[in-house]
Protein chains: 2
Amino acid sequence: MFLTDYIGALDTRNSMNVNEGNCLHTLFAKQPAEHLSASQSLFFEGDDANHVYEVLDGVLRVFRIVSDGRRVITAFLYPGDFIGFSLRETYLYSAEAVTPATIRRMPRRQFETAVAADEDLRAQVFAKTCCEMAATQEQMVLLACKSAEERLCSFIRRHMQRVTMSGERAATVDLPMSRQDVADHLGLTIETVSRTFTKLINKNVISLDNPAARHLLRIEKHGMLEFLAGDNDDCAEIRQQGGLVMYGGRGRH
Amino acid sequence: MFLTDYIGALDTRNSMNVNEGNCLHTLFAKQPAEHLSASQSLFFEGDDANHVYEVLDGVLRVFRIVSDGRRVITAFLYPGDFIGFSLRETYLYSAEAVTPATIRRMPRRQFETAVAADEDLRAQVFAKTCCEMAATQEQMVLLACKSAEERLCSFIRRHMQRVTMSGERAATVDLPMSRQDVADHLGLTIETVSRTFTKLINKNVISLDNPAARHLLRIEKHGMLEFLAGDNDDCAEIRQQGGLVMYGGRGRH
DNA sequence: CGCCATATTGAGAATGATCAATGCCGGTGG
DNA sequence: CCACCGGCATTGATCATTCTCAATATGGCG
């Protein structure tokens with residue numbers, strides 16, 4: 001299931017895959033591993049959804065091409081993610097490798113049969129689907145009302161939470177996707193993404209050790225990055241009060 | 001399941017509820033109907049997700065309040081939709097009635113037990129979840145790269161597809177949600193929504209029979225509305241070619 | 001009748017898009 | 001070895017869409 005990223009509280013990636021009973025990872029383990037080179041396609045939007053996939057290694061992008069030719073990357077996929085659980089006839093999006101990647105594939109019928117027969121597997125598919133829904137909604141919130149800076153900071157943080165093991169704060173993080181990928185995921189142009197990176201570097205929130213390695217970020221101020229991401233969840237009490245009306249606007253900065 | 005709207009090809013609302021076997025609607029039929037008055041809350045973001053719901057009548061809004069107080073309406077719910085299938089511990093959003101509404105509720109445990117025991121029900125939950133995912137992705141595309149006019153036209157069309165029975169083109173359509181609701185769903189301000197309505201009226205794409213009844217739209221030019229929605233799906237061949245690169249940009253008009 | 005919530009309209013500001021030029025690096029081939 | 005080229009990224013100048021702030025309708029309801 002894709003889009004498991006970001007929702008720490010719901011993330012089952014670490015817990016589920018080490019279950020004593022049947023688990024999705026061991027189900028897929030019977031399938032041969034396949035390697036994808038960077039930018040290689042896995043399937044196209046509109047293709048018959050004949051397989052479901054597990055990502056073992058690398059990063060993939062999941063995207064749609066809209067009528068005027070622009071691309072919307074709805075998600076990036078990381079090791080431990082699955083693709084195609086909540087599909088039926090055809091793929092609703094295309095999938096490509098961002099980095100060289102390793103995946104396993106399983107025929108959909110076989111997958112459905114295995115899941116139908118096993119309670120544990122169903123629970124894990126359900127959990128993955130819940131994470132995917134939560135992450136998709138988080139992305140909707142980002143696109144609906146965040147500024148360019150908030151979008152980029154949110155994205156960097158989400159990416160970090162996916163690539164770093166269980167929570168410790170890495171000093172540097174590799175952002176393997178291109179600026180264009182980032183732009184198409186955040187609903188911005190490549191120029192705006194580039195300018196926003198520059199702004200964050202000037203603020204010394206992040207830095208590039210080596211200007212040549214534009215994909216290797218050093219996080220200088222984790223707290224600042226979190227603050228600028230703008231998902232401070234400090235309004236639980238406001239929500240509960242119900243009556244307090246401060247809706248509307250896009251509230252840019 | 002919410003967000004079943006819009007994806008006509010995947011919509012199972014009409015087919016599933018008249019199954020010969022067990023179906024979700026009959027499962028919920030054992031529960032008493034409850035009535036909600038306009039703007040009445042069903043549950044709040046963060047509450048324990050103790051129930052799942054079926055919408056029998058009326059329209060509901062599903063939303064989150066973000067840290068700076070703005071509201072993001074992630075979906076509207078219509079008769080035949082269900083709420084809370086893909087949740088576990090807590091609700092990730094709040095739900096309120098837009099119009100007076102009728103719903104049934106079922107304890108989550110009871111629901112899960114019933115679904116676990118019945119293959120037909122599982123298939124229907126799966127189908128609803130697929131529709132929800134598809135609609136959420138459609139909304140992500142809208143938010144990522146559509147102009148105000150495209151957003152509003154898309155929204156009017158989606159709404160029409162939910163409220164009109166099986167496909168015929170109604171001359172008029174009731175849009176029961178406020179301009180603020182529309183704005184918060186489309187990632188716009190109320191002023192932009194209002195201006196865009198005016199623009200569509202000036203173009204005679206839509207009209208108001210009675211200026212007093214701002215919620216009762218007459219669709220003057222269905223084709224124009226569809227065109228302006230900008231989801232013309234005329235690029236299937238481009239997608240398949242793969243190599244053709246014309247990504248980037250937000251391509252406003 | 002007056003008040004309130006909702007909606008519309010206007011003027012100005014701002015964020016981000018667009019268009020265009022430049023920089024940087026890695027590979028290729030003379 | 002170096003010059004050239006292509007892809008990617010950055011930067012600059014200008015423009016446009018949409019936001020913001022403000023004022024003004026409009027209708028429902030006590």
A/L216 CG to D/dA9 C1', straight-line distance once rounded to whole Å: 16 Å

Atom-to-atom span, CG of A/D181 to P of D/dG7 - whole angstrom: 16 Å

Cationic N near anionic O, under 4.0 Å, A/E149 to A/R195: no

No-hydrogen, no-angle side-chain donor-acceptor test under 3.5 Å, B/Q139 and B/T136: no

B/T189 side chain near D/dC19 phosphate (N/O to OP1/OP2, under 4.0 Å): yes

B/S/- contact track for nucleotides 4-13 of chain C, protein heavy atom under 4.0 Å: ---SBBBB--

Non-hydrogen atoms of A/V193 and A/R179 that approach each other most closely: CG1-CD, 4.0 Å

A/R71 (side chain) donor-acceptor with A/I65 (main chain) under 3.5 angstrom: no

Interatomic distance, B/R151 CZ vs D/dC19 C1' [rounded to whole Å]: 13 Å

Which atom of B/R151 lies closest to which atom of B/L142, heavy atoms considered: CG-CD2, 3.5 Å

Interatomic distance, A/E149 CD vs C/dG16 P [rounded to whole Å]: 9 Å

Integer-rounded Å distance: D/dT17 P and B/L152 CG: 16 Å

Smallest separation among heavy atoms of A/E45 and A/S94, with atom names: N-OG, 2.9 Å

Distance, rounded to the nearest Å, where B/L143 contributes CG and C/dG16 contributes P: 15 Å

